[in-house]
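Per chain, numbering begins at 1; letters A, B, ... match sequence-line order. A quick note: this is a predicted structure, and the numbers were derived from the prediction, not measured.
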Amino acid sequence: MLEPNFSSKSQEAEIYKNWEDAGAFKPDMEGNKAPYSMVIPPPNVTGSLHLGHALNNTLQDILARFERMRGKSVLWQPGLDHAGIATQMVVERQLAQAGGNESRASLGREKFIERVWQWKAESGGTIVSQLKRLGASCDWSRERFTMDEGLSEAVLKVFVQLHKEGLIYRAKRLVNWDPHFETAISDLEVINEEKAGHFWHFKYPLENGETYEFPIAYDEEGNPTEYETRNYISIATTRPETMLGDGAVAVHPSDKRYASIVGKKVLLPLADRYIPIIADEYPDPDFGSGAVKITGAHDFNDYKVAQRHNLPMYELMDTKARMADADFIPAKYRGLDRFEARKQIVADIDELGLLLEVEDKTISQPIGDRSGVVIEPMLTDQWYVDAKTLSVPALEAVKSGNVTFTPDNWKETYFQWLENIEPWCISRQLWWGHRIPAWYDENGNIFVELTEEEAQKAADEKNGAPTKLKRDEDVLDTWFSSGLWPFSTLGWPEKTEYLDKFYPTTTLVTMFDIIFFWVARMMMMGIHFTGKAPFKNIIIHSRVVDEKGKKMSKSKGNIIDPVPLIDEYGADALRFCLAIAAGPGRDIRMSAKRVEGYRNFGTKLWNAARFCQMNECVSDAEFNPENVTHTLNKWIVSQVARTAKDIERNLESFRFDEAAGTLYSFIWNIFCDWYLELIKPLLNGEDEELKAETRKTAAWVIDEILKLLHPFMPFITEELWGKVAEFGHGREDMLINQAWPKYPLALINDDVEKEIAWVIDLISGIRSLRAETNINAGTKITAILVGGTQDSVNLLEKYQDVIDRLARLEYSTSANETPKGSVTFVHNEAVVALPLAGVLDVEAEKVRLSKEVARCIAEIKKIEGKLGNENFVARAPQEVVDEQKERLAGYQNEKDKYSNALSKLDEI
RNA sequence: GGGCGCAUAGCUCAGCGGGAGAGCACUACAUUGACAUUGUAGGGGUCGCAGGUUCAAUCCCUGCUGCGCCCA
């Protein structure tokens, strides 16, 4: 006998272990099953499970289990990425906290990397055990890590080949420099934040005391009416410390105010250099003074201007963003932090009398997504991928429809980015990562080869003599290796059985925020190196936010941790909650309350199974749903078939919410609320043959429900699968290995569904009327079907037992006349009367009936309006017109019956 | 500035050219019954605003208002 509820806490781990031990998560490599594959979006090795992961992996697991049951050979490839900056940060922090006076620098590269590996072995990959708690059916025997030997080999091979193809190159450019980690980062790792800042207006005096006339007042046509004589040009900046590196002042060529001084020079204060005034399209004449200082080495826009005009680039800062020890920087600023230098420079300009104004202004600041510090554009040597070239086939794959996005509109985001893609900076000044396979000789020649030996050979050949080489110190962006994930995890560059069978993968499930970071890069790399796009369907799911719709973040302190939710409500409840909320588009608002609701749903199912078990409903291997005889059994079989079809259709189109919703309402509102209630009289009745059929049918339905629900709620369904068969024939195999239900279409029986709908409507109608007329729930009353056809009368007799029971009736019968003193409602062609001898509240009943009549009249008017419109009758499809006619007849019938009842009340 | 989206019941969200839906919340009633992690019933919405297309618009188009996200 089942306990009153499922103990998720005590059972889930065991169930999971049983699946794993049985090898249920492994793909079938022997048979002819069609392959179905997904690669997990690799979580960071430093990461722990958050609700985004929970959602992402729930959806993947639903697909994996569904397709496995549908007979596919499913590979869900798991693994982790090495998260260069994040991991290095974790280990460095650990060293600092250990207090052993050790640091990355003191250990040196080799020792430090050893420490990272040690950390990884001890506490990395917490998330893997958490994914297991969620029920994720990944093939863990194939777990991969981006720093694994095989995957590292793939990285090297890709780098070397792209370099030989000219698609990877080294260049000195302005990059986003993170002064905290002292490394370059890519555009995508920079977050632009709006912050309150200042706009400082400086005077740059003209050389030799020259002057010009600057307009200060204008007439209505915009012509200057008043001038002042100026011996300076006014520039404004949000970053005064960069003025020491100015190479020019730029004005727009059409800006008449400055036309007379273009080509002249101004004194750069503090730096004591003279710089030219140049004309360039970049300055906006309507913004500020219209004159812009150009600091080529510390601003992306200025960089372009400086390049166009061949301006010198003054590199002002060191790797920590302190003012550099350079001769063009006055000694007093050298070594100052950039923000200290800012204060000092503003003060000094002010002292020189050159500070015009300080304006409050909202400025957009680039922030490193990992470090949180202000990013400094810096001129450095880095490695770049020619993403533009690689993007062409990646775009084409989606445009042609070979690769699809779900929801479809995400492809616009994908196009938008790929069509405007910039070279991708892939080198990082870190230690933890794939070291770049490039060697330099003393003349600055670069040799990019798979191994040091090959590089040496190439260098010796080129130089015609043994050459001393030095390897590049830098490592590659983590996303560079993640970009290879769909094929590197399957064994590429080796030609493996897995690569052959499972690449391209079928489906990728991920979130919109890494379409650029990851999806686009996998597309580029996958197509370039294998000739095929790495997946067919890309499913983009929503973001999980808090109850108030706010993005969860550590700083806001509104993070809901999924692990305690699993502890409290079970993994199934969390999964179901996420799945049913995973509609297209919107953010998913999460709260424990909701999860609780779906835990209750599991309990409901559990108790339905418990009820069946108590009633000796044992499934029979010989049972054939096509052969059931009783209408109730035919009905539930029909409903199961319909539900299964809906779920399958919804899962095929990735509508997890619809599929889950269908299951919820079928299990609760059809199976529990109606079928189990309706069969109670049969199970307690005398007809042994019918009882046997009904027991078998109920047991069969439970089994089918368990299969259909399994992808969503794997634990409770697996547990029930075993338990409900305890007193029967037992089970030969676990639920996870069962075939997905496939029924003959003929099981869906409209006539039977109509018949039971008649019964359900009758019972509901009586219940409603009882409640509305305040008939005590315990009072047994009579119901009389008045004016029903013979068919209806027959149905009433056939289902009398259940109708009486569920509507709490003394008895029910049929008659030709409504007894006086009854309350009534319309049921199809008939009227149902509840005689309330003596206790009828005539006035209340008049009000109620009048409302019903009014409701019918309102509908009738609406429909008559339509049907009276010639254009409607002429232009609307015939079936729509017919449908409206039918509706009209229905409401007229209903209205007549209620009016009739109303007039009868007057007779009392 | 460019792109994507959202506005439907108190809340969270489905729906979508021809009858306004679900879950939660709320109200009333019930309860030794498979299940109080329950049951039955109920109230509650000019489907953001204004135009247009159409025989017909919550749904399609345009504009407006408000809100969100991404990119520059």
### Message
Please report the distance separating the P of B:A7 from the corresponding atom of B:U58, rounded so that it comes out in whole Å.
### Response
15 Å

### For B:U38, the Watson-Crick or wobble partner whose two distances fall under 3.5 Å
B:A30

### Message
Counting the atoms with a prime plus P, OP1 and OP2 as sugar-phosphate, which does A:Lys862 contact under 4.0 Å by heavy atoms, base, sugar-phosphate, or nothing?
### Response
sugar-phosphate

### Task
Report the residue (A:Met614 or A:Arg599) whose heavy-atom-nearest nucleotide on RNA chain B is the more 5′ of the two.
A:Met614

### Sugar-phosphate only, base, or nothing, as touched by A:Arg805 at under 4.0 Å among non-hydrogen atoms
nothing

### Task
Please tell me which of the listed nucleotides, B:G39, B:G18, B:G5, lies nearest to the side chain of A:Ala876?
B:G18

### Message
At 4.0 Å (heavy atoms only), tell me whether A:Ser768 reaches a base, stays on the sugar-phosphate, or touches nothing.
### Response
sugar-phosphate

### Query
So which nucleotide does B:C4 pair with, by the Watson-Crick or G-U wobble rule with both distances under 3.5 Å?
B:G68

### Query
With respect to the side chain of A:Ala771, which nucleotide from B:A34, B:A14, B:A41 is positioned closest?
B:A41

### Query
Considering only heavy atoms and no angle criterion, is a donor-acceptor pair shorter than 3.5 Å present between the side chain of A:Lys604 and the base of B:C35?
yes

### Task
From the options B:U40, B:G19, B:C69, select the nucleotide whose nearest atom is closest to the side chain of A:Lys866.
B:G19

### Task
Determine the contact category for A:Tyr664: base if any of its heavy atoms lies under 4.0 Å from a base atom, sugar-phosphate if only primed atoms, P, OP1 or OP2 are that close, otherwise nothing.
sugar-phosphate

### Query
With both distances under 3.5 Å as the test, what is the Watson-Crick or G-U wobble partner of B:A20?
none

### Query
So what's B:G44 paired with, Watson-Crick or G-U wobble, going by both distances under 3.5 Å?
none

### Query
Phosphate oxygens OP1/OP2 of B:U12: is one of them under 4.0 Å from a side-chain N or O of A:Ser591?
no

### Query
What nucleotide among B:U38, B:U12, B:G18 has an atom nearest to a side-chain atom of A:Trp668?
B:U38

### Message
One pair to check against salt bridge (charged side-chain N to carboxylate O under 4.0 Å, His left out): A:Arg655 and A:Asp657. What are the steps and the verdict?
### Response
CA-CA 5 Å; A:Arg655 286 303 300 264; A:Asp657 58 329; 2.9 Å; yes

## Note on the structure
Regarding the side chain of A:Ala777, the nearest nucleotide among B:C29, B:A34, B:G18 is B:C29

### Task
From the options B:A72, B:U40, B:C24, select the nucleotide whose nearest atom is closest to the side chain of A:Asn192.
B:A72

### Message
Using a heavy-atom cut-off of 4.0 Å across all strands, would you classify A:Pro877 as base, sugar-phosphate, or nothing?
### Response
base

### Task
For B:A30 and B:C67, measure between their C1' atoms and round to the nearest Å.
44 Å

### Message
Looking only at the side chain of A:Arg610 (C-beta and beyond, no hydrogens), which of the listed nucleotides B:C4, B:C35, B:G39 gets closest?
### Response
B:C35

### Message
Over all strands shown, is A:Glu658 touching base, sugar-phosphate only, or nothing at heavy-atom distances under 4.0 angstrom?
### Response
sugar-phosphate

### Query
Got a sec, which residues hit ring-ring contact (aromatic ring centres under 6.0 Å, His included) with A:Phe825, two or more places apart in sequence or on another chain?
none

### Message
Using OP1 and OP2 only, check whether a side-chain N or O of A:Arg655 sits under 4.0 Å from B:G15.
### Response
yes

### Query
Counting side-chain heavy atoms from CB outward, which of B:G42, B:U40, B:G15 is closest to A:Arg767?
B:U40

#### Entry: Distance-only donor-acceptor test (3.5 Å): side chain A:Glu677, base B:A34
yes

### Message
Side chains of A:Tyr675 and A:Asn633: any donor to acceptor distance under 3.5 Å?
### Response
yes

### Query
Under 3.5 Å, is there a donor-acceptor pair between the A:Thr413 and A:Gln416 side chains?
no

### Residue A:Arg543, side-chain heavy atoms: nucleotide from B:C4, B:C69, B:U40 that is nearest
B:C69

### Query
Base, sugar-phosphate, or nothing for A:Glu772, non-hydrogen atoms under 4.0 angstrom?
nothing

## Note on the structure
Comparing nearest nucleotides in RNA chain B, the 5'-proximal residue of the pair A:Asn871, A:Val190 is A:Asn871

### Task
Report which part of the nucleic acid A:Cys612 touches: base, sugar-phosphate, or nothing (heavy-atom distance under 4.0 Å, all strands).
nothing

### Same-atom distance (P) from B:A20 to B:A9, integer angstrom
16 Å

### Query
With under 30° as parallel and over 60° as perpendicular, where do the rings of A:Phe512 and A:Trp410 fit, or are they tilted in between?
parallel

## Note on the structure
Partner of A:Phe516 under ring pair (Phe, Tyr, Trp, His ring centres under 6.0 Å), picked from A:Tyr414, A:Phe415, A:Trp417, is A:Trp417

### Query
B:A14 pairs with which nucleotide, Watson-Crick or G-U wobble, both distances below 3.5 Å?
none

#### Entry: Closest nucleotide among B:G2, B:A14, B:U12 to the A:Gln416 side chain
B:G2

### Query
Can you tell me if the side-chain N/O atoms of A:Arg589 get under 4.0 Å from OP1 or OP2 in B:C13?
yes

### Message
Under 4.0 Å, heavy atoms only, any strand: does A:Asn774 hit a base, just the sugar-phosphate, or nothing?
### Response
nothing

### Message
Does B:U38 have its OP1 or OP2 closer than 4.0 Å to a side-chain nitrogen or oxygen of A:Asn600?
### Response
yes

### Query
Does NZ or CZ of A:Arg173 come closer than 6.0 Å to the centre of the six-membered ring of A:Tyr384, within 45° of the ring's axis?
yes

Let me check something: any side-chain donor-acceptor pairs from residues 758-765 of chain A under 3.5 Å, sequence neighbours excluded? List them with distances.
| residue | atom | partner | partner atom | Å |
| --- | --- | --- | --- | --- |
| A:Ser764 | OG | A:Ile760 | O | 2.9 |

### Task
Remember a base hit wins even if backbone is also touched, and classify A:Phe516 as base, sugar-phosphate or nothing at under 4.0 Å, heavy atoms.
sugar-phosphate

### Counterpart base for B:A9, defined by Watson-Crick or G-U wobble contacts under 3.5 Å
none

### Message
At 4.0 Å (heavy atoms only), tell me whether A:Asn409 reaches a base, stays on the sugar-phosphate, or touches nothing.
### Response
sugar-phosphate

### Query
Which base sits across from B:A56 as a Watson-Crick or G-U pair, both distances under 3.5 Å?
none

